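Read the structure below first, then the notes.
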Amino acid sequence: MKKTLIALLLLLGGTASAQVSSFDLEQALRKLNMAVGITNLYYVDSLSIDRLVEDAINGMLQKLDPHSCYTNAAETKKFNEPLEGSFEGIGVQFNILEDTLIVIQPVSKGPSEKVGIVAGDRIVTVNDTAIAGVKMSREEIMNRLRGPKGTKVKLGILRNGTDGMNYFTVKRDKIPVHTLDAAYMVTPNIGLVRFSSFGQTTHDEVMEAIKGLNQQGMQNLILDLQANGGGLLGAAAELASEFLPKGDTIVYTRARNTPSQVFLSAGGSGYQTGRVAVLVDEYTASAAEILSGAIQDHDRGTIIGRRTFGKGLVQRPINLPDGSMIRLTVAQYYTPSGRCIQKPYNKADKESYAKDVINRYNAGELTNADSIHFPDSLHYRTLQLGRTVYGGGGIMPDVFVPLDTTRYTKLYRQISVKSLIVNANLRYTDKNRKRLAKQWTNFADFKAQYEIPSEVIDDILKEAEKQKLTPADDEERDATRAQLSVTLKALVARDLWDMSEYFAIIYEKDPVVLKAVEVLTQKDPTPTLPHGGGSTRPLP
């Protein structure tokens, strides 16, 4: 860790503000070095010098802002995997039922599928070590299954319809991490694309999905960014370029010690003319806010939902020699009209920042648009039509859709958090997979005709009652049954096909999606009019 400390000191020295003299900096670094050395030498108990330095770095960064942070080598590797678009392992989607790993789906053309592992298989041993029935954590199981590309792992598998243990030797490989959740036609001419983050593969995944929807007759697009936590700025800029003409500002930054950066649209050919509705909520953050803000400020589409999270601090990743990383806030993001995406925060009150969404809910913002007020100083104008948009942190939608607090009953939420729904689906699908796959070969027929057997729901409610989870009255029981039926049907669709089919069912009566369909079918939804390029941008 000594090298890490040296690297940190060099970093501090190399990026010091001109306001700090070289003498003051040298004195501060000497003081830090002495504190580490003295503590390590004289503290009453034995210490890890690596841990001591990491704690010092963490303590320093935690005082700066809500998003500057330090990750050790293992945490950094885990953090980067979704953004890099791959990890190394055996390639299966799985879930745990009663201490047993059940394969939901092998990754298409992945190493497990190549050796014959199929959905429904139970992996009970890894390299002759039992992982079933031994109370092993999910993380530990994943660690045993993952490993460097090219290494081999021996899996002991139980399969319905066969006797005894089946053994498969899987050669680990690079497994793609997809950010695309769903792409399907909501109506004969409206498509929906949902993705969960912005990684290296996001642009290609989304554009491939749009291409496929175009071939199915899509004329208008719903871009679902609800609960999208962001990711790579470059991915957001790439995707925004597919919606905006060349030269339009996507986002710009302002910093203290480095020049401002302006990101302009490269003018892709992906989706320049069709109407667009962008779905957002209180968990839409960072790169997702950049894309939403650019589309809104250029009047390219209608933003629908609730005010976004407000994460507009720019982190610069700084790799340290031992594989660890500092993510240091160096600037703030601004939308093309000049709105700062970052919501206000108090360095001394991180608890309030962490509870911001809860505080917004308690203040009524998530359920009542009339509770939201913006002073004149936070009024901005869009760059094409001059519509009023609002600053103050996050992206305020053009069309507000309140959070539906009555959509799920209290009993349903209790059942869900106890994993009773997931476990019931695993048992039902595992028992009936072959029959269901043979009976339902067409998703459209499945969606129109299939119903979850009532006894599956009965079993869930009986198990809930054993855990002292009961409805307040018959009305709540009936509503819970209806909600369980939809969720279970969507989960079965996922198991038979994929996540697109899951969302096609779960979103069927979703108020935000329905509002988007309403907006896109209006004769002249002004905010979604296509426009020419080269709009004037505010100077950073």
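Nothing here was measured: the structure is a model prediction, and the numbers come from that model.
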* State, yes or no, whether a side-chain contact exists between Pro111 and Lys171 at a heavy-atom distance under 4.5 Å. => no

* **Check ion pair Glu465-Lys462 (N to O, under 4.0 angstrom)** => no

* N/O donor-acceptor pair under 3.5 Å between Glu501 side chain and Ala490 backbone -> no

* More than 12 foreign heavy atoms under 6.0 Å from CZ of Arg433: is that the case here? -> yes

* Asked: What do you reckon, is NZ of Lys515 surrounded by more than 12 foreign heavy atoms closer than 6.0 Å?
  -> no

* Asked: For the side chain of Glu365 and the backbone of Ile372, is there at least one donor-acceptor N/O pair under 3.5 Å apart?
  -> no

* Does one side chain, of Ser324 or Asp322, offer a donor that lies under 3.5 Å from an acceptor on the other? -> yes

* Side chains of Asp459 and Tyr428: does their closest heavy-atom pair fall under 4.5 Å? -> no

* To do: Answer yes or no: does atom NZ of Lys447 have more than 12 heavy-atom neighbours from other residues, nucleotides or ligands under 6.0 Å?
  => yes

* Short side-chain to backbone donor-acceptor contact, Asp121 and Arg159, under 3.5 Å -> no

* Can you find a side-chain donor-acceptor pair between Asp281 and Thr284 that sits under 3.5 Å? -> yes

* Could you check if a side-chain atom of Gln483 sits within less than 4.5 angstrom of a side-chain atom of Thr409, using non-hydrogen atoms only? => yes

* From Asp370 CG over to Phe400 CZ, what is the distance, rounded to the nearest 0.5 angstrom? -> 9.0 Å

* Asked: Do Ile395 and Val278 have side-chain heavy atoms sitting under 4.5 Å apart?
  -> no

* Any donor and acceptor pair, going by atom type alone, linking the side chain of Tyr271 with main-chain N or O of Leu221 inside 3.5 Å? -> yes

For residues 234-241, which side-chain donor-acceptor pairs fall under 3.5 Å, sequence neighbours excluded?
| unit_1 | atom_1 | unit_2 | atom_2 | d |
| --- | --- | --- | --- | --- |
| Ser241 | OG | Ala237 | O | 3.0 |
| Ser241 | OG | Ala266 | N | 2.9 |

* When rounded to the nearest 0.5 angstrom, what is the spacing between CD1 in Ile505 and OH in Tyr184? -> 10.0 Å

* To do: Spell out, as yes or no, whether a donor-acceptor pair under 3.5 Å connects the side chain of Arg307 to the backbone of Gly393.
  => yes

* To do: Identify the two heavy atoms, one from Met325 and one from Pro317, that lie closest to each other, and give their separation to 0.1 Å.
  => SD-CB, 3.8 Å

* Interatomic spacing from OG1 in Thr308 to NZ in Lys343 - rounded to 0.5 Å -> 9.0 Å

* Say whether Thr202 and Asp204, considering side chains only, have a donor N or O and an acceptor N or O under 3.5 Å apart. => no

* Euclidean distance, Gln449 CD relative to Asn442 CG, rounded to 0.5 Å -> 9.0 Å

* Asked: Do Asn423 and Ser419 have side-chain N/O donor and acceptor atoms under 3.5 Å apart?
  -> no

* To do: Could you check if a side-chain atom of Arg172 sits within less than 4.5 angstrom of a side-chain atom of Lys149, using non-hydrogen atoms only?
  => no

* Asked: Got more than 12 heavy atoms from elsewhere within 6.0 Å of CG, Asp473?
  -> yes

* Would you say the side-chain atoms of Thr487 and Tyr412 include a donor-acceptor pair closer than 3.5 Å? -> yes

* To do: Identify whether the distance between the nearest side-chain nitrogen and carboxylate oxygen of Arg360 and Asp356 falls below 4.0 Å.
  => yes

* Asked: So do Leu411 and Thr470 actually touch side chain to side chain, heavy atoms under 4.5 Å?
  -> no

* Short side-chain to backbone donor-acceptor contact, Gln296 and Met396, under 3.5 Å -> yes

* To do: Evaluate whether atom OH of Tyr283 has more than 12 neighbouring non-hydrogen atoms of other residues, nucleotides or ligands under 6.0 angstrom away.
  => no

* **Donor-acceptor contact below 3.5 Å, side chain Arg481 vs main chain Ile457** => no

* Is Tyr450 atom OH crowded by more than 12 heavy atoms from other residues, nucleotides or ligands, each under 6.0 Å away? -> yes

* To do: Taking the side chain as every heavy atom from C-beta outward, state whether Leu436 and Asp495 have any atom pair closer than 4.5 Å.
  => no

* Could you state the interatomic distance from CG (Asp128) to CG (Leu155), rounded to the nearest 0.5 Å? -> 10.5 Å

* Structure fact -> Smallest heavy-atom separation, Tyr408 atom then Arg413 atom, equals O-NH1, 2.6 Å

* Decide whether Thr71 and Thr76 meet the rule of one side-chain donor and one side-chain acceptor closer than 3.5 Å. => yes

* **Single hit among Leu279, Val280, Leu291 for side-chain contact (heavy atoms from CB on, under 4.5 Å) with Leu223** => Leu291

* Asked: Can you list the steps and then say if Asp404 with Thr406 is a side chain to side chain donor-acceptor pair (under 3.5 Å)?
  -> CA-CA 5 Å; Asp404 185 359; Thr406 64; 2.8 Å; yes

* Backbone N or O of Leu426 within a donor-acceptor pair of the Thr429 side chain at under 3.5 Å? -> no

* Asked: Which atoms form the tightest heavy-atom contact between Ser485 and Glu451, and what is the distance?
  -> OG-OE1, 3.9 Å

* For the student: nearest non-hydrogen atoms of Thr179 and Ser197, plus distance -> CG2-OG, 3.3 Å

* Aromatic rings Phe503 and Tyr507: how do their planes relate, parallel, tilted or perpendicular, breaks at 30° and 60°? -> tilted

* Asked: Salt-bridged, Arg306 to Glu282, with N to O below 4.0 Å?
  -> yes

* To do: Please indicate whether Glu475 has more than 12 foreign heavy atoms, meaning atoms of other residues, nucleotides or ligands, lying under 6.0 Å from its CD.
  => no

* Donor-acceptor contact present, side-chain Arg300 to main-chain Phe243, <3.5 Å -> yes

* Taking the side chain from Glu289 and the backbone from Ser286, do they hold a donor-acceptor pair closer than 3.5 Å? -> yes

